[in-house]
Amino acid sequence: MDRKYVPDEVERKWQDRWIAEGLFTARRTDREKFYCLEMFPYPSGRIHMGHVRNYAIGDVIARYKRMRGFEVLHPMGWDSFGLPAENAAIKEGVHPARWTYENIAYMKKQLIRLGLSYDWSREVTTCSPGYYKWNQWFFIKMYEKGLAYKKASFVNWCPSCLTVLANEQVIDGKCWRCDSDVVQKELEQWFLRITRYEDELLQACDTLAGWPENVILMQKNWIGRSEGVEAVFKIDGQEGSLLIFTTRADTLFGARFLCIAPGHPMAAKLVSDKAALEEVKRHYGKMEEKHGLFTGHYAINPVNGDKLPIYAANFVLMEYGTGAIMSVPAHDQRDYEFAQKYSLPVKVVIKPAGGGPLPEGKAFEEEGVLVDSGPFTGLESAAARAEIAKALEEKGLGRRVVNYRLRDWGISRQRYWGTPIPMLYCEQCGIVPVPEEDLPVVLPENVKFTGKGGSPLAESQDFVNAVCPKCCGRARRETDTMDTFVDSSWYYVRYCSTEDEPALDKENIKYFMPVDQYVGGVEHAVLHLLYSRFFMRVVRDLGISGVSEPFQRLLTQGMVCMETVKCPEHGWIYPSEAKDGKCAKCGRPVERGRTEKMSKSKKNIVDPNQLIGAYGADTARLFSLFAAPPEKDLEWSEKGVEGAYRFLQRIWALVYGNLEKLKAAKSTPQGVSPLVRKTHQTIMRVTRDIERDYHFNTAIAGMMELMNMLASVEPDDKNAGEVRFAVERLLLLLSPFCPHVAEELWEAIGMPPSIQSQPWPEYDEDAAREEEIELVVQVNGRVRAKIMVPQGLPDEMLKEKALADPKVKEFTSGKEIAKILAVRGRLVNIVVK
RNA sequence: GCGAGAGUGGCGGAACUGGCAGACGCGCUGGACUUAGGAUCCAGUGGGGCAACCUGUAGGGGUUCAAAUCCCCUCUCUCGCACCA
């Protein structure tokens, strides 16, 4: 009867049953669907607490929606291409495929051990040919539509390893392996024309009602739309001209010189000292002191004919606008700094509208009133911009344009472990896509991983040598692979069909898309989400789906944090290595650092395996959900975990301690007792807290309150029915959070499994309402009395009762009552003078 | 620098549209049961005061019968972008 709670035993039992019974498979039905998705992990080896939190949140939502009667699609997979696998191959000699698939097998076990309710028949593994075939297919479709193209672009290059480096392999401008200085090397690379959708992607941001404000803002800023004008500056005494972009046409009369990017085509033409130009290029794009070089030429300001010197400058970006700017040192801080360094003149053309003074020693960048600006003098900035733009357009020397910060998406990677870009270079026909029927272009397995030289694929002659599908002549295969963000840009579409079904089944996609709830970390707020929004539109424009926005609602969960401990001798140490404020190794007093995101380097990590081993998956889930609302950072606390465990123990003890009485009782409460009322209130609260932005922490608090009340009720013949009623409801409410305990106890009290297939409990609003309420009486805003009154009395009665209260009289006697207010039948405030 | 968000007990966090500040959990204090307690149960727990009461949501001002919540200023922290012309 007094069975002990052994989480491991209970959890494995139910995990096996759920899988055997296929409770979590989704299929197309007449019911309304709910697509619940969590960002799939990179198979790094083992899961971390961040995954536990992310997937616990998603699992509660999926299980809750199932109980609410939805056909829930809740899939999981592996973002399994990427650099770490290749690094492991270089360092340890394991093949990336083996390394990856072993990691996947292990991590899958871990996820199952957490009791997550996934439909594994839809498992996606991006490094499998069956998946990346479709990356290639999309690529070819995009190539046909002009959405994929090739152009020269810079990569990080290590001159010692003779290899391209990813951004994360460049540490402080040096190679991660050999510490050599990294240089920029120009290569031909493939790009996806996301900019074709820039305007739509920006506009549609305002339709993302279910997204957090900050993420929408980050998307908008990333796209970075700005309105301005392009103006033509003729070059003095020479053929040709320079086109510049500015958002501040109102400062055009203040231009004192022009700056062009060192890589600008005109730079090479205008500058005779090539070595000096190279020097400027060396500093290009670096956040440091500005470097410039006078080209020896002048340009003519189209509005007033001023002759302005032309400089090549490191801070002017070739990728934005036209790669050339007009420099207005009086009204742009960057130009000001440049002018200071090269002793160039400054001309003020804007003054503060209020007539205040100009700042000293820096540029005045705000808007104001124009001075010294010819016919435009006296206009305000906004009006002047319009007028000057008009004047330029009339002269044919300029036009209004909109510029975006967003660049096309460079997807070429000089790596092995990624999707081969399905292109051929034919000696006769040039660039030729691999025919659809020849897909996938499979990664060859027998390649060497040295970490040196070019891409491993380029070394594989079997791979490189190909036949042109057009002319049957000799062709060379593209050896670059795709950015792994391509893989994750459409995996949610792939999930709509099972592994056995066609990959892009329109009917399946129509039924399941879009994702109703997406859950993941903020670190993907910009790139992954933007690329996915782009890809969804491509899928749409290929006629595969009618959906434009892939993710209806987005929840970005906070980080999992823990305190850090530092020893003066040993550096960061695990909290367990500190005893009584001293380092266990050397005995020196430790320094308590701040609470930070869990990371291996800071040694402030908790291993999910150990956690589950000690307390079970239900406790791990419960604590992750209870300690903070999902969107906020969560501070890990061993004591807090124990508290969560204790809560489950108490429920367990409650059921097993009264098992016979509970089993014998019928769940038919007689009337509305305090326990029955509390039960209805709890159902109401938990439901509301879940519906209101998934505030699981308060929902769990509500269940704890009900548990506390249950613990104070000793079941006897009279009340056994209502206790059983409360216990049943409590288990139902608990089941999305701690599914194993809920199942086990549900079965224990004699209910047929599975609790997962039960409907979400209903509440009775009348039964939930208190018969008596505590009326708060304030005098001049201060609480002076609390009186129990029947529910629903009219305001006049409440005021009367309040005034009659002896305590209140003490504060009102002899004073003039100015006003009495009653608020929602719960509070009365008496204002006296 | 620009943009966004946050600041509530010893700690994590509650408080729906302005209406009892501190739900729930942790910790702490006292008690019970115990050979024992780092198990369990009961009671208490923002600060000050014997008390009636006073005071309290980063700091300062304001609106209101009433402010953690709304408005203005200041400070601190976190995040994002960062030479985008």
Side-chain angles (χ1 to χ4, degrees), chain A residues 212-218 220-222 224-226 228 244-248 251 259 284-290 313-317 319-328 331-335 337-338 362 365 403-407 522-523 525-526 558-559 561 563 594-596 622-623 626-629 631-644 646-647 649-650 653 685 688-689 692 695 697-705 707-708 711-712 774-786 807 810 818-824 826-832:
Chain A
E213 276 303 322
N214 62 332
V215 176
I216 295 174
L217 200 72
M218 281 160 78
K220 284 183 177 174
N221 290 344
W222 192 261
R225 183 190 141 100
S226 60
I244 64 100
F245 172 74
T246 181
T247 54
R248 290 297 300 272
T251 65
C259 285
Y284 174 71
K286 288 192 181 160
M287 203 48 193
E288 52 179 35
E289 203 187 339
K290 294 174 175 52
N314 73 320
F315 72 96
V316 179
L317 303 175
E319 292 82 15
Y320 184 75
T322 60
I325 60 166
M326 66 167 190
S327 287
V328 186
H331 303 294
D332 184 294
Q333 187 58 26
R334 295 158 300 184
D335 298 341
E337 285 164 20
F338 193 85
K362 60 172 186 178
E365 295 191 307
N403 255 318
Y404 293 86
R405 209 189 78 110
L406 182 70
R407 317 270 155 81
V522 238
E523 64 271 23
V526 177
M559 296 180 298
C561 301
E563 68 169 355
R594 1 188 296 172
T595 299
E596 290 189 72
L622 187 65
F623 178 75
F626 177 60
E631 71 279 3
K632 294 217 330 191
D633 285 353
L634 179 152
E635 190 181 324
W636 199 263
S637 137
E638 185 68 24
K639 292 287 184 187
V641 175
E642 280 171 24
R646 205 171 297 145
F647 170 61
Q649 288 271 28
R650 292 177 73 207
R685 173 166 185 194
R688 202 192 60 198
D689 286 347
R692 173 172 62 97
H695 277 200
N697 55 331
T698 51
I700 293 166
M703 290 186 257
M704 287 174 167
E705 279 186 42
M707 176 61 222
N708 289 345
S712 66
E774 193 183 54
L775 179 71
V776 175
V777 186
Q778 298 179 332
V779 179
N780 284 350
R782 299 190 168 190
V783 181
R784 295 302 180 187
K786 295 178 178 182
K807 191 81 201 172
E810 258 180 58
K819 207 187 213 179
I820 307 181
L821 296 106
V823 183
R824 276 181 264 159
R826 286 196 283 119
L827 181 143
V828 170
N829 189 12
I830 304 164
V831 186
V832 297

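Throughout, protein chains are lettered first and strands after them, A, B, ... in sequence-line order, and every chain is numbered starting at 1.
At the phosphate of A85(B), neither OP1 nor OP2 sits under 4.0 Å from any side-chain N or O atom of Arg405(A). In terms of phosphate contacts, Ser226(A) brings a side-chain nitrogen or oxygen within less than 4.0 Å of OP1 or OP2 of A85(B). Phosphate proximity of C53(B) to Lys807(A): present, with a side-chain N or O under 4.0 Å from OP1 or OP2. For the pair Asn214(A) and A6(B), the criterion of a side-chain N or O lying under 4.0 Å from OP1 or OP2 is not met. One finds a side-chain N or O of Lys819(A) lying less than 4.0 angstrom from the OP1 or OP2 phosphate oxygen of C65(B). OP1 or OP2 of A14(B) has at least one side-chain nitrogen or oxygen of Asn697(A) nearer than 4.0 Å. For Arg685(A) and A23(B), the shortest distance from a side-chain N or O to OP1 or OP2 is not below 4.0 Å. Distances shown here put every side-chain N or O of Arg650(A) at or beyond 4.0 Å from the OP1 or OP2 atom of U40(B). Residue Arg784(A) has a polar side-chain atom (N or O) positioned under 4.0 Å from OP1 or OP2 of C54(B).
Closest approach to the Leu827(A) side chain among C65(B), G19(B), C54(B) is made by G19(B) (side chain taken as heavy atoms from C-beta onward). The side chain of Glu635(A) sits closest to G12(B) out of G12(B), C20(B), A15(B). The listed nucleotides are G25(B), C65(B), U55(B); the one nearest the side chain of Arg782(A) is U55(B). Side-chain proximity of Leu821(A) to C24(B), C20(B), C65(B): nearest is C65(B). In this structure, the nucleotide among C83(B), G13(B), A85(B) sitting nearest to the side chain of Lys632(A) is G13(B). Distance from the side chain of Val823(A) is smallest to G19(B) among G13(B), G19(B), C24(B). Candidate nucleotides C20(B), A85(B), C83(B) were compared by shortest atom distance to the side chain of Gln778(A), and C20(B) ranks first. Of the listed nucleotides (G19(B), A21(B), C24(B)), A21(B) has the atom at the smallest distance from the side chain of Val783(A). The side chain of Lys639(A) has C26(B) as its nearest neighbour among C26(B), C16(B), A15(B). Proximity note for Trp222(A) (side chain, C-beta onward) versus A14(B), C81(B), A4(B): the nearest is C81(B).
Judged purely by distance below 3.5 Å, without hydrogens or angles, the side chains of Arg405(A) and Asn221(A) never pair a donor atom with an acceptor atom.
Atom name P, nucleotides U45(B) and G10(B): the rounded distance is 16 Å, in whole Å. Using atom P as the reference point in both C53(B) and G13(B), the two lie 35 Å apart (nearest Å). Comparing the C1' positions of A21(B) and G46(B) gives an interatomic distance of 10 Å, to the nearest angstrom. For the C1' atoms, the distance linking A23(B) with A15(B) amounts to 8 Å, nearest Å. One C1' atom belongs to C75(B), the other to A82(B), and the distance between them is 25 Å to the nearest Å. Between G56(B) and C20(B), the two C1' atoms lie 15 Å apart (nearest whole Å). Distance check on atom C1': U55(B) versus A6(B) gives 26 Å, rounded to whole Å. C72(B) and C81(B) have their P atoms separated by 28 Å, with the value rounded to a whole Å.
Contact of the Thr322(A) side chain with the Asn403(A) side chain is not registered, since no non-hydrogen atoms from C-beta on lie closer than 4.5 Å. Side-chain contact between Val776(A) and Arg826(A) is absent, with no heavy atoms from C-beta onward closer than 4.5 Å. The shortest distance between side-chain heavy atoms of Thr251(A) and Met326(A) falls below 4.5 Å.
Rounded to a whole Å, the CD atom of Glu638(A) is 11 Å from the P atom of G27(B). For the pair Ile820(A) CD1 and G19(B) P, the computed distance is 21 Å after rounding to whole Å. In this structure, Glu523(A) places its CD atom 12 Å from P of C81(B), rounding to the nearest Å. Rounded to whole angstrom, the span from the CH2 atom of Trp636(A) across to the C1' atom of G25(B) amounts to 14 Å. Remark: P of A6(B) and CD of Glu631(A) are 10 Å apart, rounded to the nearest angstrom. Here C83(B) presents its P atom at 13 Å from OH of Tyr320(A), a figure rounded to the nearest Å. Between Leu634(A) atom CG and A14(B) atom P there is a gap of 11 Å when expressed in whole angstrom units. The interatomic distance linking Phe315(A) (CZ) with A82(B) (C1') rounds to 15 Å, in whole Å.
Glu213(A) CD: 12 or fewer foreign heavy atoms inside a 6.0 Å radius.
A distance of 11.0 Å separates CE in Met559(A) from OG1 in Thr595(A), rounded to the nearest 0.5 Å.
Across all strands shown, Met287(A) has heavy atoms under 4.0 Å from base atoms, whether or not it also approaches the sugar-phosphate. Across all strands, Arg692(A) comes closer than 4.0 Å only to sugar-phosphate atoms, never to a base (heavy-atom distances). Here Thr247(A) lies in heavy-atom contact (under 4.0 Å) with sugar-phosphate atoms only.
Taking the six-membered ring for Trp, Phe315(A) and Phe338(A) have ring centres closer than 6.0 Å.
When atom types are taken as modelled, the side chain of Glu365(A) and the backbone of Gln333(A) share a donor-acceptor pair closer than 3.5 angstrom.
Residue-to-nucleotide proximity on RNA chain B shows that, of Leu317(A) and Ile700(A), the 5′-proximal contact is made by Ile700(A). Of the residues near RNA chain B, Ile830(A) and Gly321(A), the one whose nearest nucleotide (by heavy atom distance) lies more toward the 5' end is Ile830(A).
For Trp636(A) against Val641(A), the heavy-atom pair with the smallest separation is CZ2-CG2, 3.6 Å. The two residues Val832(A) and Asn780(A) make their nearest non-hydrogen contact at N-OD1, 2.9 Å. For Gly321(A) against Phe245(A), the heavy-atom pair with the smallest separation is CA-CB, 4.3 Å.
Between the base of C83(B) and the side chain of Lys290(A) there is a donor-acceptor pair shorter than 3.5 Å.
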Using Watson-Crick and G-U wobble pairs whose two distances are both under 3.5 Å, how do you write the pairing of RNA chain B as dot-bracket, with | for links to another strand?
-> (((((((..(((......[....)))((((((.......))))))(((....)))..(((((..]....))))))))))))....
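G9(B): glycosidic angle within 90° of 0, hence syn.
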